[in-house]
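Here is how names work: the chains are called A, B, and so on, in the same order as the sequence lines, proteins then strands, and each is numbered from 1. Reckoned from all heavy atoms, side chains included, excluding hydrogens, waters and symmetry mates. Source: prediction; values computed, not measured.
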Number of protein chains: 2
Amino acid sequence: MVRARSEERRADILRAALEVIAERGYRGATLGSVAERVGLTQQGLLHYFPTKEALLVAVLEERDRWDTSGGRDREGWRLDLLESLVEYNAMRPGIVQTFSALLGESVTDGHPAREFFTERYAQVRANMADVLRLEFGERLPGGLTPERAAPLLTAVMDGLQYQWLLDPSAVDMPGAFRDFLRLLRGDAP
Amino acid sequence: MVRARSEERRADILRAALEVIAERGYRGATLGSVAERVGLTQQGLLHYFPTKEALLVAVLEERDRWDTSGGRDREGWRLDLLESLVEYNAMRPGIVQTFSALLGESVTDGHPAREFFTERYAQVRANMADVLRLEFGERLPGGLTPERAAPLLTAVMDGLQYQWLLDPSAVDMPGAFRDFLRLLRGDAP
DNA sequence: CGTAACCTACCGATCTACAGGTAGGTGGGT
DNA sequence: ACCCACCTACCTGTAGATCGGTAGGTTACG
């Protein structure tokens, strides 16, 4: 079963790339250090992914697949599932760090992940709007439409991640996110 | 007046560094490209800032000075001044991009700006809490304490910046921020 | 006043260290 | 016999940093 072994290798490489990108960002990551982590030479790695950028694209695609599986894309989430997602993220600093680092880099000129993130955020906002509409209808308790609240919801998730990554002990990410949801719901504390 | 000329040069260099970091991030920025922008060689630049990291530190310090002048530090802002700040930022994509790129990078291991941002965010949250307390007292209309709302306020500002940088036409940053403030205030739309 | 000593603001050459990528193998499984 | 999964060797480019200048101005002092 050579084929299976090969697929396994690719998965190993992607996992290692995720780690290295988390540690050093995309620009700071080197093929050599990714290769080393899976017991390959840099050139051996290039056998699987012909360029550094191809590796990045594969990483992003996998993230996409992971995101859209679990029923997010069409079916959508519900608000309480978002809450669990944040809790889940709080236990996986590695993944959060990878994508926060990439997001930060991606706003620089000509970054290979820029288009990916641009499209992704458009889609995420649309998803968020759907979730909110499902939960609240055309007007949230605070008076916003789902479309107006969606960028805020997205921003809170991302912004909290940065604060939490910089100092996990200073920010209770899931707690703060719940606070925000309460704000959206217009609940009393 | 050799001294004055020198100070001017340093200021030029810092401005150029800000630009280059916005375009390529810190890791992607090169001393040569910064130097070129002010009509120096790379070695000439190193005469003013002995290492790349020293240059970054100087950039961050200047930002700090800029931030804390204008009466932010002790006296604090008020909520409506925050609103103007966001509007102001929306007209200065360069600055926003520089610090968003740096923030993103700074969560990677051993990044020279990491400590700076960690401390800075602690301070920003404290400032935000003060602003909120000044405006609302110990309980905001939504029921949160100033300390609980501060990370959210901060997160919204940062998160919106990323969405806006990726696609300015897709996000009305000042508008969205006002929406959030309305949520905090518990106003009807 | 003049000149020697010194300082400031640079530049050219060069070193070291990778980084990404190419070319051309080799060896084991099918 | 063949091909997939690698490796060795190597090339090219680039980045940060050091070294040793040089030109021009400044200061100290006889």
Item to complete: Could you tell me whether the side chain of A/Q97 and the main chain of B/V107 form a donor-acceptor pair under 3.5 Å?
Response: yes
Worksheet item: Under 3.5 Å, is there a donor-acceptor pair linking the side chains of B/R27 and B/T108?
Response: yes
Identify all pairs in which a protein N or O lies below 3.5 Å from an N or O of nucleotides 26-28 of chain C, and state each distance.
none

Worksheet item: For the residue pair B/I13 and B/V34, what are the closest heavy atoms and their distance?
Response: O-CG1, 4.0 Å
Discussion item. Just the rounded figure in Å: distance from C1' of D/dC6 to CD1 of A/I13.
Written reply: 11 Å
Worksheet item: Between A/E147 and A/R133, is there a side-chain N and carboxylate O pair less than 4.0 Å apart?
Response: yes
Worksheet item: Are B/S6 and C/dA9 close enough that a side-chain N or O sits under 4.0 Å from OP1 or OP2?
Response: yes
Worksheet item: With respect to the side chain of B/L40, which nucleotide from C/dA9, D/dA5, C/dC11 is positioned closest?
Response: C/dC11
Worksheet item: When the distance from CZ of A/F49 to P of C/dT22 is rounded to whole Å, what number comes out?
Response: 16 Å
Worksheet item: Would you say A/H47 reaches D/dC6's phosphate, i.e. side-chain N/O to OP1/OP2 under 4.0 Å?
Response: no
Fill in: Qualifying ring-ring contact (aromatic ring centres under 6.0 Å, His included) pairs with a residue from residues 101-132 of chain A, counting only residues at least two apart or across chains
A/Y26-A/H111
Item to complete: Check for a donor-acceptor pair, side chain of A/K52 on one end and backbone N or O of A/L46 on the other, with a separation under 3.5 Å.
Response: no
Set out, line by line, the N/O atom pairs under 3.5 Å between protein and nucleotides 16-18 of chain D.
from	atom 1	to	atom 2	distance (Å)
D/dG16	OP1	B/A29	O	3.3
D/dG16	OP1	B/K52	NZ	3.0
D/dG16	OP2	B/L31	N	2.9
D/dA17	OP2	B/K52	N	2.9
D/dA17	N7	B/Q42	OE1	2.8

Item to complete: Mind calculating the distance between CG (B/L55) and P (D/dA15) to the nearest angstrom?
Response: 15 Å
Worksheet item: Can a cation-pi geometry be assigned to B/R63 and B/F99, taking NZ or CZ under 6.0 Å from the six-membered ring centre and within 45° of the ring axis?
Response: yes
